[in-house]
Every structure is written in structure tokens, then in C-alpha cells.
2 protein chains.
Amino acid sequence: MTLIRRNGFAATSIDQLCTAAGVTKGAFFHHFASKEALGVAAAEHWLAMTSPLFAEADYHALPDALARVLGYLDLREALIAGDIDAFTCLAGTLAQEVHQSSPAIAHAADRAIVGHATTLEADVGRALADHGVVDIDAAELALHFQAVLQGGFVLAKAAGDPEPARAGVRHLKRYVTLLCKGERA
Amino acid sequence: MTLIRRNGFAATSIDQLCTAAGVTKGAFFHHFASKEALGVAAAEHWLAMTSPLFAEADYHALPDALARVLGYLDLREALIAGDIDAFTCLAGTLAQEVHQSSPAIAHAADRAIVGHATTLEADVGRALADHGVVDIDAAELALHFQAVLQGGFVLAKAAGDPEPARAGVRHLKRYVTLLCKGERA
DNA sequence: GGCATCATACCAACCAGTCGGTATGGCCGC
DNA sequence: GCGGCCATACCGACTGGTTGGTATGATGCC
């Protein structure tokens, strides 16, 4: 499904998808009722595929919650490298493209993004609590992480360069550090 | 060109565009060499259209640079309201969709985003300098503003709700305030 | 046999882009 | 000021190819 990330959902034909996957069109429509159904399934598959990558990461073993949050952001920054289509997010691409034409796909993309953010919520909440930050909602901040990443991806695509996306994550780390410790990283 | 923001570039046919604009296909291809040329022109037009909106805003009259920066962010937050297709950014939509298939459009979109960020650079730089922040590049921070906005738009589209985009801007204001004043807003 | 899993051939709709033709209006010699 | 000339602006039917989707048949498994 890299094709969709590269060229977009509308610009990727079912024939292309079938050729790339080595199946025939008959097989495709046997498994998916329509192209839209494929989009929904792709968004769900995306969440299922990326989840273990973060679930099994090392930073979970750190004793300090803030360190775990910063560890997550370190990993995100490290993942932003090489070819643009390699680190970019399918859910964001889908959401931006079909938000009006296909509510079903948009909703699936939203679940993928929010679902991932939810996995951060506990650590973010504890990090904030550990440092006496009481006026910030952990879920909202975790979602903001995703916003910064998605925005970084957009800028990276426009510029043809991963650097703006990495810079965004660095700002995010500084923000979290300032929030919790009240001092510059 | 609202059609492109609503449905995406690939999903919007030239016939639709012509019908909406009240012109014929002959007239279209008289003015634009191809659909790609229209995309480039649309991105350029987008920058030209949105520029005065910010150039003439009130916050420019404020004496303090940090206040001007926060004033800009206040305006951005206020603009995120109502229908999703009304406040969303055309350049970001284009960039995400055609970054691989059409380098010309992607580059035009990049110029629109970076061009807008450049107009913030002076105020951001002065605000940082006024508060003794020396290790942050003003241009990069101004670009980060755009990343947060673009990311907010993506989440808003996925959720079908402007709130995540507004929340992103609020976090941005807090970040800038923390950076400059070292304290919570 | 009967059912799930495909493969092949096909279709109507739609796409970006073309092309022959027309209307308009400025310009120039007279 | 007028007739001929031509460039620019525009029209809309048309084309070759592609699209998402379907109808029908082959194949293997129980």
C-alpha cells in the first residue's frame, strides 16, 4: 500500500494496486466490496502494522514517565529519514484527500491517528502529573504530538526534504521539556 | 478553487472546475497548458490571496515583537472556525497529494508555505532576541508554526471537527511564551 | 454436488487533452 | 473612415485511453 502513500488514493487505480500485489481484479473485488472499502481496510491495517513498532520500543522500560515521552519523540525523530514515502503516514494522507468524498475512510483514518495517540496518553499524563502540570489535558497533548508529526510530513513533502519534519519533533521535545521542567533542554 | 480543497486535486476534473467557474473547456485550455499548470497557478494564487489578510492585520501595530507573534497566532486560531473546507490550506492539500506525481505543483506549494513563513521571520527573530533566546533559528521556528497549522488541518479533516487544529495553535502559543518568558502563559 | 476462491473478458462512464471553427478587435494602407 | 488582414480569445464536439465495477466461467476442496 506504499503506492497510495506515494501517489495518493484517488490517483492510485485498482489495476495498479492489483499488479503491485500480484493478484487479479477478480480476487480484489472478492475481498473488497469497493475501492472505498479498501481505503478503510488500509487505514485499519496501517494502525495494526505500526502499533507493534512502538509497543516494543525500548523507551517503555525507562522508569521516568517524562523520559519515556521524550524517548518516544526521539524514536519518532529517528524514524524520519531517507525516502519521504518511507516515513510518511498513510492515515494523514488518506484523511486529507478523502475527508469530504468518503466519510468512512476519513473516520478510519481518524481512528488510526487517535488510536495511536491514545497509547501515549498514560505516559504523557503521568509526566505532566509528576511535574505538577495540572492545566493541560494529556489526551489533547498526545493528539498535538500527532498534529506536529502530520504537519511535518506535509512540509517535508512540499520541500522534498525530511528536515522540516525532524525540526518539528525537536521543537516538540523542547516544548514538553519546558512544560515539565520549566527550563530549556 | 474551493473544489480542489474539498475533493482533492486528482479527484477534481477539469470539467467540474469549468462548470463551477462558468467557463468552457476551450477557455480553460486557452489559459492553462495542462491541469498541472492550473495546480501551479492555484498555489501561487493562494499565496497572493492570503497574504493581504495577514499583512493588514492589527497585530502589526503592537510595539512588542512577542506580542505581535502571539497576535498572529491569535488570528490563526480565530480563523479556524466553521466549515472545514473554509479554513483549510490549499498549499498543504496540494503538497500532500501530488508531491511525487508533480514536482512543479509541489514546489509551488512549498513556495506558498515557506513564503508565508518568511513574513513571520522578522517578528519571531526579534521576539527571540528580545528575550535572550539565542539557540533557536527564527526561520525554522516560523516554519514550525506552519507545520503545526498543517498538522492541525489534517487532524481536523480526519475528525471532521476544527477543534484539534485550534488546540494545536494554543499549544504553539504556550510554547512560544515558555521559550521567551520561561513561564506558563 | 456445492461452495468458496479466484481468473478473464467485458462495460459504461469518465478523464485530460485536441481540434476545427468562430467572434472580436486592433492596425494599416488608402 | 473603411475594407482587408491577422492575432487573440474562446467554443464545444470529439478522441483515445483509463476508471471502478460486473458477469461469467474455471478450479480446487469438502
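The figures that follow rest on heavy atoms only: side chains count, while hydrogens, waters and symmetry mates do not. This is a predicted model, so every value here is computed, not measured. Letters A, B, ... are given to chains in the order of the sequence lines, protein chains preceding strands, and every chain is numbered from 1.
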I need the [atom1]-[atom2] distance between [X] and [N], as an integer number of Å.
X	N	atom1	atom2	result
B:Lys35	C:dA16	NZ	P	4 Å
B:Phe29	C:dC19	CZ	C1'	13 Å
A:Phe32	D:dT22	CZ	P	16 Å
A:Glu36	D:dG21	CD	P	9 Å
A:Ile14	D:dG21	CD1	P	5 Å
B:Asp15	D:dA13	CG	P	12 Å
A:Leu17	D:dT19	CG	P	11 Å

I want to check one thing: is the phosphate of [N], taken as OP1 and OP2, less than 4.0 Å away from some side-chain N or O of [X]?
X	N	result
B:Ser13	C:dC14	no
B:His30	D:dA9	yes
A:His31	C:dC6	yes

Regarding the side chain of A:Ala27, the nearest nucleotide among D:dC10, D:dT19, C:dA7 is C:dA7

Which of D:dT19, C:dG17, D:dG12 is nearest the side chain of B:Ser34? It is C:dG17

_Is it the case that the side chains of B:Tyr72 and B:Arg68 hold a donor-acceptor pair, with the cut-off being a distance below 3.5 Å and no angle test?_
no

Open item on the list: Check this for me, if you would: do B:Arg111 and B:Glu44 make a salt bridge, where the nitrogen-to-carboxylate-oxygen distance has to be below 4.0 angstrom?
Closed with: yes

(Q) Students often mix this up, so state it plainly: with edges at 30° and 60°, are the rings of A:His171 and B:His144 parallel, tilted or perpendicular? (A) parallel

- prompt: Taking atom types as they are modelled, is there a donor-acceptor pair under 3.5 Å from the base of C:dA16 to the side chain of B:Lys25?
  reply: yes

Heavy-atom neighbours of B:Asp83 CG exceed 12 at 6.0 Å: yes

